[in-house]
Trainee: 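The structure's right below; bear with me while I get my questions together.
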Amino acid sequence: QVQLVESGGGLVQEGGSLRLSCAASGRTSEMYAMGWSRQAPGKEREFVAAISRNGGDINYADSVKGRFTISRDNAKNMVYLQMNSLKLEDTAVYYCAAKLAFSRSTYYGDLGQYNFWGQGTQVTVSS
């Protein structure tokens, strides 16, 4: 089992940047493919980005492609989401997720495949 704790959220102006962090504890995080999702008020949770165990395979939602970057540091058991050129519609609670994976090079874009979730961190983009 792995525990996930997100941090780095906050209030930022449109066009600004934030870097979210996800700290994993428990079982070694390198055994897990990782992902980020978000949920805006009144909307369903949606996929944002995913990264494979070895960090070599990555996928993004079309809405964030070119603006967000997911990365991981397995030595530190950390996953990051660098968010640039933030838009009002990026306002949401952002969640880190983990999936125990046998393949080192597979990412998962289906939120239903993830086994573990963090509590979330609020990101608010203002005009």
Trainee: Hydrophobic clustering (ILVMFWY, side-chain heavy atoms < 4.5 Å, transitive) - are Ile70 and Trp117 grouped together?
Mentor: no
Trainee: With the 4.5 Å side-chain cut-off for hydrophobic clustering, are Met34 and Leu100 part of the same group?
Mentor: yes
Trainee: Counting only N and O atoms by type, is there a donor-acceptor contact under 3.5 Å from the side chain of Asn74 to the main-chain atoms of Arg53?
Mentor: yes
Trainee: If hydrophobic clusters are built from ILVMFWY residues whose side chains come within less than 4.5 Å, do Leu81 and Phe116 share one?
Mentor: yes
Trainee: Indicate whether any N or O donor in one side chain lies under 3.5 Å from an N or O acceptor in the other, for Gln122 and Thr124.
Mentor: yes
Trainee: Could you go step by step and tell me if Tyr108 and Asn59 meet the side chain to side chain contact (heavy atoms under 4.5 Å, CB included) rule?
Mentor: CA-CA 8 Å; Tyr108 297 88; Asn59 191 33; over 6 Å; no
Trainee: Output the distance between atom CZ (Phe68) and atom OG (Ser63), rounded to the nearest 0.5 Å.
Mentor: 7.5 Å
Trainee: Holding to salt bridge (charged side-chain N to carboxylate O under 4.0 Å, His left out), I want the full list of residues that pass it with Lys43, two or more places apart in sequence or in another chain.
Mentor: none
Trainee: Does any non-hydrogen side-chain atom of Asn54 lie less than 4.5 Å from one of Ser105?
Mentor: yes
Trainee: Tabulate below the donor-acceptor pairs under 3.5 Å that side-chain atoms of residues 87-94 make, not counting sequence neighbours, or state none.
Mentor:
| unit_1 | atom_1 | unit_2 | atom_2 | d |
| --- | --- | --- | --- | --- |
| Asp90 | OD1 | Arg38 | NH1 | 2.8 |
| Asp90 | OD1 | Arg67 | NH2 | 3.0 |
| Asp90 | OD2 | Arg67 | NH1 | 2.7 |
| Asp90 | OD2 | Arg67 | NH2 | 3.4 |
| Asp90 | OD2 | Lys87 | N | 2.7 |
| Thr91 | OG1 | Leu88 | O | 3.0 |
| Thr91 | OG1 | Val125 | N | 2.9 |
| Thr91 | OG1 | Val125 | O | 3.4 |
| Tyr94 | OH | Arg38 | NH1 | 2.9 |
| Tyr94 | OH | Asp90 | O | 2.6 |

Trainee: Over all heavy atoms of both residues, which pair between Phe47 and Ala61 is shortest? Give the atoms and the distance, please.
Mentor: O-CB, 3.4 Å
Trainee: Could you tell me whether the side chain of Arg72 and the main chain of Ser52 form a donor-acceptor pair under 3.5 Å?
Mentor: yes
Trainee: What distance separates Glu14 CD from Ser127 OG, expressed to the nearest 0.5 Å?
Mentor: 6.5 Å
Trainee: Restricting to non-hydrogen atoms, name the atom on Tyr80 and the atom on Trp36 that form the minimum distance, rounded to 0.1 Å.
Mentor: O-NE1, 3.5 Å
Trainee: According to a 4.5 Å side-chain heavy-atom criterion applied to Ile, Leu, Val, Met, Phe, Trp and Tyr, with indirect links allowed, do Met31 and Val79 form part of one hydrophobic cluster?
Mentor: yes
Trainee: For Val2 and Ala24, work out which heavy atoms get closest and say how close.
Mentor: CG2-CB, 3.8 Å
Trainee: Taking Ile58 as the starting point, is it possible to reach Val64 by hopping between hydrophobic residues whose side chains are less than 4.5 Å apart?
Mentor: yes
Trainee: How far apart are the closest heavy atoms of Tyr95 and Glu6, and which atoms are they?
Mentor: CA-OE2, 3.4 Å
Trainee: Under 4.5 Å between any side-chain heavy atoms of Ser71 and Gln82, yes or no?
Mentor: no
Trainee: Run the salt bridge (charged side-chain N to carboxylate O under 4.0 Å, His left out) test against Asp110 and tell me which residues pass, sequence neighbours left out.
Mentor: none
Trainee: For Gln119, is the CD atom crowded, meaning more than 12 foreign heavy atoms sit under 6.0 Å from it?
Mentor: no
Trainee: What is the distance from atom SG of Cys22 to atom CE of Met78, rounded to the nearest 0.5 Å?
Mentor: 7.0 Å
Trainee: If I compare all heavy atoms of Ala50 with all of Tyr107, which pair ends up nearest, and what's the gap?
Mentor: CB-CB, 3.9 Å
Trainee: Checking Ser7 against Thr121 for the side chain to side chain contact (heavy atoms under 4.5 Å, CB included) test, could you report, in this order, the C-alpha distance in whole Å, the side-chain angles of both residues, the deciding distance, and whether it holds?
Mentor: CA-CA 6 Å; Ser7 61; Thr121 185; 5.7 Å; no
Trainee: Minimum heavy-atom separation for Leu86 to Leu18, with atom names?
Mentor: CD1-N, 3.9 Å
